[in-house]
Trainee: 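Okay, handing you the structure first.
Letters go in sequence order (proteins before strands), and every chain restarts at 1. Please read these numbers as outputs of a predicted model, since none were measured by experiment. Side chains are part of it too, since the values below use all heavy atoms of this structure and drop only hydrogens, waters and symmetry mates.
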Amino acid sequence: MTYADVIIDISHEKVDRDFQYRIPDELEQEIKPGVVVTVPFGKGNTLRKGYVIGVTEKAKYDTSRIKMIQSVSTDDETTESRLIALAAWMKETYGSTMIQALKTVLPVKDKIRAKEKRLIFFCGERQAAEELLEELSGSRFRARERFLRAILEAGRLEYTYASKELGAGASVLDFFEKKGMIRLENQEMYRIPNQADLVKEDCELCLNAEQNVAVKQIFREWKEPEARPVLLFGVTGSGKTQVYMRLIQQVIQEGKQAIVLIPEIALTYQTVRRFYAMFGDKVSVLNSRLSQGERYDQFKRAKRGEVQVMVGPRSALFTPFSNLGLIVIDEEHESTYKSENTPRYHARETAIQRARMEHANVVMGSATPSLSAYSRAESGEYLLVKLNARYKERPLPQVSIVDLREELKKGNRSVLSTELKASLSETLRKKEQAMLFLNRRGYAGFVSCRACGHVMKCPHCDVSLSEHNGRRLICHYCGYETVKPQVCPSCGSPHIGGFKAGTQQIEKVLEKDFPEARVLRMDFDTTRTKDSYEKILAAFSRHEADILVGTQMIVKGHDFPDVTLVGVIAADLSLNMDDYHCGERTFQLLTQAVGRAGRGVKPGHAVIQTYQPEHYSIRAAATQDYAEFYKEEMGYRLLMDYPPAAHMMTIFGACQDEELLKKAMYYIEAFICRVSPKEELHMIGPAAASVGKVKDVYRQVLHLKNVDMAFLTAVREKLEQYIEINSGFRKIYIQFDMS
DNA sequence: AGCACGCCGACT
DNA sequence: GTCGGCGTGCTC
């Protein structure tokens with residue numbers, strides 16, 4: 001006898017788990033994971049929709065009480081079942097439970113939706129109702145009294161409010177309905193976010209010669225039976241969006257739909273307006289401010305065919321379009337495309353998988369492609385399409401690299417080098433604008449020498465060591481530990497330590513050095529409130545300030561034609577993080593930052609301050625030379641077996657009890673050694689995660705590298721079983737990350 | 001979410 | 001005693 005694990009509609013927390021059902025003989029062949037079935041559920045055996053997530057031989061429940069699957073759902077749920085198949089793929093690839101995978105893929109209804117869906121209206125005689133209320137008051141019908149009083153006052157009530165807060169269940173409502181006093185109404189009300197000023201404008205899509213060539217190249221690829229994903233490699237300002245628009249137009253014309261993925265931070269009013277101007281009400285936009293109910297509504301509109309284009313962040317990838325034609329991924333290299341929650345999927349890979357299953361195409365674009373995407377383009381797995389010309393032939397800004405070690409020798413200890421200071425006063429004199437950029441995202445407290453630029457690195461992993469309590473240095477990959485040296489091991493200088501400067505300090509220095517300049521600061525603190533992000537950028541755009549100081553957020557989006565100077569305070573901040581991506585991230589950030597200067601008529605200038613002027617990420621960003629950067633960085637990845645040269649699985653463990661966690665990680669390590677052949681094993685750790693403790697929960701990581709992804713997947717599956725069987729892991733939260 | 005079960009107050 | 005509203009808890 002075989003049994004199926006079925007998830008009943010994902011609508012309520014309480015039924016958010018799998019239930020076992022018997023498979024009738026005649027459905028034996030059809031039932032497999034991903035199939036949508038109809039099953040009897042609950043006391044009244046009401047028929048409900050369910051998703052089969054697995055088939056087993058063993059009954060986990062009292063056999064006599066297991067019910068039978070009624071039928072395979074026949075109503076045309078192809079969109080849904082395709083998404084379920086995608087969830088199954090995500091579960092296999094990234095490691096998670098089927099429930100977690102389904103939850104990320106299928107739109108989840110929530111309470112907000114139910115509230116607005118069912119409304120109760122008062123529709124009887126007011127006089128009669130008041131008499132009835134009189135009659136009811138003090139009687140035993142307390143729920144009826146409560147309810148009548150409330151509806152008389154409000155005239156209209158939400159169903160969930162009536163049943164939960166007033167305790168007026170079905171029986172109470174029945175009573176009033178029979179009397180003809182109330183009317184229940186199912187309201188299908190969409191919550192469309194405020195978009196009154198977003199309308200279609202009459203605009204022709206004008207492509208330049210180069211963009212036209214790119215479009216033709218892509219169309220040619222699409223004619224192939226097995227069209228490859230396209231990597232659109234175009235420098236900043238080469239007009240990638242124009243190309244996307246043209247492609248989307250084509251897809252819509254063919255009666256298909258398109259999804260456009262955009263990093264959350266770039267989802268500004270400007271971007272959204274461009275899409276509305278082009279496609280009018282065919283477009284729907286998702287953003288993270290949307291409640292789950294609002295997102296659900298947008299997905300529903302897509303499913304019904306009311307919109308043809310969905311624009312949004314990572315999660316827009318799961319828009320239930322019935323005839324998907326194209327998925328566009330803008331700024332493909334952005335780290336926000338990787339999910340932080342289980343399943344830790346990457347939107348690029350998942351988009352390609354979805355496109356493969358639904359015979360759609362993928363086009364991704366970037367000025368600084370991720371190593372992963374570019375290496376695939378080089379190998380021919382993706383089609384590489386280039387856009388080289390900068391808008392209106394604007395020259396690239398002139399870039400100078402300032403060696404901060406020299407500044408120290410000259411006795412300048414300020415965060416502003418002599419050159420940057422001079423450039424700033426020149427810019428102010430000409431009444432132009434400047435941006436100062438502090439790239440300290442996820443700043444991990446590396447230690448470097450101010451005199452020679454030497455960075456303390458792990459001898460085994462070649463990533464920066466992090467300072468702990470000011471006395472010890474720790475590697476967050478393998479756990480290597482050493483005492484923090486008092487003098488630089490390379491040059492003997494005592495000027496060794498962490499870099500301590502925030503945007504506030506820079507703001508203070510600017511106030512002192514340039515008291516006449518108007519300075520705006522943009523960082524996590526100043527953008528906490530809603531819309532403040534847009535407000536600051538808009539103010540700067542109107543030239544209400546001369547200098548904008550900020551973290552990564554200032555280098556994305558918005559064009560400021562009056563900005564002629566970009567200063568990078570300390571390029572090393574993102575260069576010396578404790579993971580293997582940092583060279584790539586630094587190159588991307590610096591390239592973007594440099595590209596911000598001189599977007600208008602006036603030529604631009606950029607100053608990059610660093611302790612490591614010879615580093616290839618910085619040199620290549622200064623010359624905007626992607627090829628050079630790619631060669632160096634790929635060499636490093638190949639040497640160290642980091643992705644994309646190999647695959648890496650990270651096992652992440654968290655637990656309140658540090659000892660228990662360490663023990664568990666040790667057992668995991670021992671288990672992996674036992675189940676895998678020695679020569680293929682490339683394990684690092686276990687070690688404390690880069691944030692070793694959050695809210696009293698300890699965190700540890702273990703990395704496993706191998707050229708073959710299948711090997712890692714096999715290890716993960718064995719490990720998942722091992723963890724499930726051993727109750728010792730119950731108290732430990734375990735997460736997998738595959739890259 | 002939807003349904004049954006069982007408690008408890010009120011009426012016969 | 002019994003009837004029925006109303007809160008609680010379970011659903012393979």
Trainee: Between C/dT11 atom P and A/Ile69 atom CD1, what is the distance in whole Å?
Mentor: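 Between P of C/dT11 and CD1 of A/Ile69: 18 Å.
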
Trainee: Measure from CD1 on A/Ile8 to P on B/dG2 and round the result to the nearest Å.
Mentor: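 So the CD1-P distance, A/Ile8 to B/dG2, works out to 14 Å.
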
Trainee: B/dC3 P sits how many Å from A/Lys43 NZ, rounded?
Mentor: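 For the pair A/Lys43 NZ and B/dC3 P, the rounded distance is 12 Å.
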
Trainee: Taking CZ from A/Phe41 and C1' from B/dA4, how many angstroms apart are they, rounded to a whole number?
Mentor: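 Going from CZ in A/Phe41 over to C1' in B/dA4 covers 14 Å.
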
Trainee: Using whole Å, report how far CG of A/Leu47 lies from P of B/dG2.
Mentor: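 Interatomic distance, CG of A/Leu47 to P of B/dG2: 14 Å.
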
Trainee: Please give, in whole Å, the distance from C/dC10 P to A/Asp18 CG?
Mentor: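 Computing the A/Asp18:CG to C/dC10:P distance gives 18 Å.
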
Trainee: In whole Å, what is the span from the CZ atom of A/Arg65 to the C1' atom of C/dT11?
Mentor: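 After rounding, the reported distance stands at 9 Å.
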
Trainee: Is it true that A/Arg344 and A/Glu340 make a salt bridge, defined as a side-chain N closer than 4.0 Å to a carboxylate O?
Mentor: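 A salt bridge is absent here (no side-chain N lies under 4.0 Å from a carboxylate O).
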
Trainee: Base, sugar-phosphate, or nothing: which does A/Tyr21 touch, judged by heavy atoms less than 4.0 Å apart?
Mentor: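 Here A/Tyr21 touches the backbone only, sparing every base.
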
Trainee: Considering just the side-chain nitrogens and oxygens of A/Arg48, establish if one lies under 4.0 Å of OP1 or OP2 belonging to B/dG2.
Mentor: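 Answer is no, no contact under 4.0 Å.
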
Trainee: Return the set of residues passing salt bridge (charged side-chain N to carboxylate O under 4.0 Å, His left out) with A/Arg22 (not counting sequence neighbours), or none when no residue passes.
Mentor: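 In terms of salt bridge (charged side-chain N to carboxylate O under 4.0 Å, His left out), with neighbours along the sequence ignored, A/Arg22 is linked to no residue.
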
Trainee: Return the set of residues passing salt bridge (charged side-chain N to carboxylate O under 4.0 Å, His left out) with A/Arg354 (not counting sequence neighbours), or none when no residue passes.
Mentor: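 A/Arg354: salt bridge (charged side-chain N to carboxylate O under 4.0 Å, His left out) contacts with A/Glu358.
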
